[in-house]
Amino acid sequence: MDVDHYSVLGLPSGEEGAKLTEKEISKAYKQKALELHPDKRPDDPNAHENFQKLKSSYEILKDDKARKLFDDLLRVKHEQQRFKCEQQHRYDQQDVKRWKMMSDLEEREHAAFAPDPTTKAREEEERIARKLKEEIARICAMHMNRGASADSGLKKGKGGTKGNVGGGVGLADKEKMLKVSWEKVGEDYTAERLGELFSRFGKVEDVVIKNSKKRGSALVVMGSKEAAVAAAGSLSGSLSNPLLVVPLQPTVAAEFSHAEKAEEDNCVNKLVGAGYQAYEDAVLKKLQMAAKKQK
């Protein structure tokens with residue numbers, strides 16, 4: 001665990017951070033977003049990367065389960081550090097000879113009766129870190145599933161408000177589609193506004209907005225995969241209401257899907273060819289039998 005997500009948002013960590021409310025965390029995120037937005041730092045080459053880290057930390061602290069695991073991880077690291085400090089303080093009060101004698105005695109006692117506290121704390125830290133990693137993966141998968149659900153609803157003709165930018169998305173390649181989300185605070189986004197923002201990276205074929213009380217979301221269909229990749233890596237939205245832009249489907253997954261479909265089509269063609277050959281043989285056999293009867 002190399003990142004303190006509370007510190008990224010400019011908040012106190014440890015026990016004080018665990019007592020913060022969701023409203024306080026959201027307020028700190030908005031203030032930090034205005035400060036670190038790439039438009040505010042045109043000369044900083046790391047501005048976009050720092051802004052993305054800020055959004056990632058906010059997503060983790062906003063999720064109750066991920067935040068609890070992160071607080072547990074901070075608590076274990078704090079206890080481990082406190083134990084080391086206390087141990088070092090005891091050693092500093094003793095001379096070298098007595099320290100050596102006490103150290104050997106403690107090592108024998110720990111080996112005989114109890115596990116090493118440092119080892120136990122390290123194992124606990126690793127366990128919580130694994131759970132935190134799983135929660136982060138769950139949050140990412142949740143965003144991807146929301147995009148897939150919106151795409152499915154679009155194909156069935158249900159839900160959403162369709163913009164006037166470009167044509168329909170039913171025939172669009174999923175690699176050209178982007179999932180866009182934002183908080184329902186400050187400036188809201190319309191289909192026309194999103195079309196203007198994304199047109200800086202290439203042609204925009206369609207914009208579909210899904211209405212929600214707490215959070216806005218949309219599907220943006222770009223004219224090419226290259227334009228979608230460029231927009232996902234660069235677009236941040238306005239200062240008062242930043243955008244979270246992720247691809248609807250990775251390129252690797254799309255390539256695998258095309259390869260799998262080609263293999264299925266090949267199998268179907270083979271089956272159809274075999275059936276047609278059997279039918280042709282049966283017709284030829286009937287004609288031969290009819291000719292024999294006429295003789």
Side-chain heavy atoms of [X] within contact of [Y], under 4.5 Å:
{"X": "Glu124", "Y": "Ile128", "answer": "yes"}
{"X": "Asp4", "Y": "Phe70", "answer": "yes"}
{"X": "Phe83", "Y": "Thr118", "answer": "yes"}
{"X": "Phe198", "Y": "Val180", "answer": "yes"}

>> Using the salt bridge (Lys or Arg N to Asp or Glu O under 4.0 Å) criterion, which residues pair with Arg82? Sequence neighbours excluded.
In response: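 Per chain and number, Arg82 pairs via salt bridge (Lys or Arg N to Asp or Glu O under 4.0 Å) with Glu86.
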How many angstroms lie between [atom1] in [X] and [atom2] in [Y], if you round to the nearest 0.5 Å?
{"X": "Arg193", "Y": "Ile209", "atom1": "CZ", "atom2": "CD1", "answer": "12.0 Å"}
{"X": "Asp39", "Y": "Phe51", "atom1": "CG", "atom2": "CZ", "answer": "9.0 Å"}
{"X": "Lys32", "Y": "His37", "atom1": "NZ", "atom2": "NE2", "answer": "15.0 Å"}
{"X": "Ser56", "Y": "Leu61", "atom1": "OG", "atom2": "CG", "answer": "11.0 Å"}
{"X": "Lys210", "Y": "Arg215", "atom1": "NZ", "atom2": "CZ", "answer": "12.0 Å"}
{"X": "Ser224", "Y": "Lys203", "atom1": "OG", "atom2": "NZ", "answer": "10.0 Å"}

>> I'd like to know whether NZ of Lys131 has more than 12 heavy-atom contacts from other residues, nucleotides or ligands below 6.0 angstrom.
In response: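 No, NZ of Lys131 has 12 or fewer neighbouring heavy atoms, counting only those of other groups under 6.0 Å.
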Check this for me: does any side-chain nitrogen of one of [X] and [Y] sit under 4.0 Å from a carboxylate oxygen of the other?
{"X": "Glu123", "Y": "Lys120", "answer": "no"}
{"X": "Glu125", "Y": "Lys77", "answer": "yes"}
{"X": "Glu183", "Y": "Lys55", "answer": "no"}
{"X": "Arg138", "Y": "Asp63", "answer": "yes"}
{"X": "Asp64", "Y": "Lys68", "answer": "no"}

> Which is it for Arg122 and Glu126 under the side chain to side chain contact (heavy atoms under 4.5 Å, CB included) test, yes or no, and what are the steps along the way?
Replying inline: CA-CA 6 Å; Arg122 185 173 62 253; Glu126 292 174 354; 3.9 Å; yes
Keeping [X] on the side-chain end and [Y] on the backbone end, is there a donor-acceptor pair under 3.5 Å?
{"X": "Ser26", "Y": "Glu22", "value": "no"}
{"X": "Ser57", "Y": "Lys53", "value": "yes"}
{"X": "Arg75", "Y": "Glu15", "value": "no"}
{"X": "Glu49", "Y": "Asn46", "value": "no"}

>> Can you tell me which residue among Arg130, Arg67, Lys65 is in a salt bridge (Lys or Arg N to Asp or Glu O under 4.0 Å) with Glu135?
In response: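 Going through the options one by one, the only one that passes is Lys65.
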How close do [X] and [Y] get, counting heavy atoms only, and between which atoms?
{"X": "Leu74", "Y": "Gly14", "result": "CD1-N, 4.1 Å"}
{"X": "Leu132", "Y": "Leu69", "result": "N-CD1, 3.9 Å"}
{"X": "Leu11", "Y": "Ala28", "result": "CD2-CB, 3.6 Å"}
{"X": "Ala47", "Y": "Pro38", "result": "CB-CA, 4.1 Å"}
{"X": "Val204", "Y": "Ser199", "result": "CG2-N, 3.7 Å"}
{"X": "Leu73", "Y": "Ala129", "result": "CD1-N, 4.2 Å"}

>> side chain to side chain contact (heavy atoms under 4.5 Å, CB included), that's the test. Do Leu9 and His5 meet it? Break it down for me.
In response: CA-CA 7 Å; Leu9 270 67; His5 300 294; 5.7 Å; no
> Under 30°, 30 to 60°, or over 60°: which ring-plane class applies to Tyr29 and Tyr58, parallel, tilted or perpendicular?
Replying inline: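 Rings of Tyr29 and Tyr58: parallel, as their planes differ by under 30°.
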> Do Leu197 and Val246 sit in the same hydrophobic cluster, where Ile, Leu, Val, Met, Phe, Trp and Tyr count as joined when their side-chain heavy atoms come under 4.5 Å apart?
Replying inline: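 The answer is no; the residues belong to distinct hydrophobic clusters.
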> Stepwise, does the side chain to side chain contact (heavy atoms under 4.5 Å, CB included) test hold for Arg41 with Asn50?
Replying inline: CA-CA 11 Å; Arg41 299 170 174 266; Asn50 293 334; over 6 Å; no
>> Go through it in stages, so that I can follow the logic: the residues are Leu20 and Tyr6, the test is side chain to side chain contact (heavy atoms under 4.5 Å, CB included), and I'd like the CA-CA distance, side-chain angles, deciding distance and then a yes or no.
In response: CA-CA 10 Å; Leu20 292 172; Tyr6 288 105; 4.2 Å; yes
